[in-house]
Amino acid sequence: PGKGLHRKFSSVVVRIHEDNDRNMWVSTWKDGLFRINLDTGDVFCFDRINSCETIFIDSHNIMWVCCSNGEILMRGPSDDDFKDARLNWQGTVPQRVVGMVEEDNSDLCMVTWDAGVMRLERASMSVSSISDVVPEGFTHTHNVLAYKQSELLISSDDGLVWYHTRTGE
């Protein structure tokens with residue numbers, strides 16, 4: 001399966017993620033979001049979803065897709081398509097979300113291009129900034145790694161930043 005996949009993508013591949021059902025998800029800059037079944041090799045394109053910055057599957061098996069136009073979509077395990085996440089923004093709405101990780105309480109931390117780190121409280125779907133100001137080293141963030149409980153390693157134009165989500169240090 002998957003032979004000749006390079007022919008499917010005529011633009012930049014931005015992210016790759018594998019889900020629990022043996023699907024590989026490939027986001028591209030202009031060709032859309034692709035789901036590739038790793039067992040059969042079947043390829044499906046969600047061509048209306050372009051310029052994906054982030055693909056993340058949380059512990060509830062919900063897939064989050066963050067696009068470069070600021071759109072945030074979600075797809076449940078039994079959904080056929082993606083829908084608008086309908087987030088309740090508290091304060092600054094970032095231009096782009098470029099990385100997402102899950103905290104130990106199931107809330108999500110979103111690393112943004114221009115507004116630092118934000119927390120999505122799953123119960124209310126509300127998003128707020130973790131800190132009042134964008135911390136030094138958070139200029140144009142690119143990706144995030146959940147290193148250990150409440151600790152993130154964030155890559156940015158400034159290098160790597162270690163950030164504790166509960167203390168803000």
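For this chain, numbers begin at 1 and follow the sequence in order.
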I need the [X] [atom1] to [Y] [atom2] distance, nearest 0.5 Å.
X	Y	atom1	atom2	answer
Phe46	Arg35	CZ	CZ	4.5 Å
Leu152	Leu145	CG	CG	8.5 Å
Ile16	Thr28	CD1	OG1	11.0 Å
Glu103	Ser59	CD	OG	12.0 Å
Met74	Ile72	CE	CD1	11.0 Å
Thr40	Asn23	OG1	CG	8.0 Å

Less than 4.5 Å apart, side chain to side chain, heavy atoms only: is that true for [X] and [Y]?
X	Y	value
Met118	Pro94	yes
Ile62	Trp64	yes
Val101	Cys109	yes
His60	Glu102	yes

Do [X] and [Y] sit in one hydrophobic cluster, given that two such residues count as connected whenever their side-chain heavy atoms are within less than 4.5 Å of each other, even indirectly?
X	Y	value
Trp29	Val26	no
Phe82	Ile55	yes
Trp89	Leu108	yes
Ile130	Met125	no
Leu120	Val111	no

Whether [X] side chain and [Y] backbone form a donor-acceptor pair below 3.5 Å:
X	Y	value
Ser27	Arg15	yes
Asp114	Gln95	yes
Arg122	Ser106	yes
Ser129	Ala115	no
Asn88	Ser124	yes

Mind listing the closest non-hydrogen atom pair of Met100 and Cys66 along with its distance?
-> CE-SG, 3.7 Å
So, for Val97 and Met110, which heavy atoms are closest and what is the spacing to 0.1 Å?
->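 Val97 and Met110 have their closest heavy atoms at CG1-CB, 3.8 Å.
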Residue pairs, two or more places apart or on separate chains, that pass side-chain hydrogen bond (donor to acceptor under 3.5 Å, both in side chains) and touch residues 70-83 = none
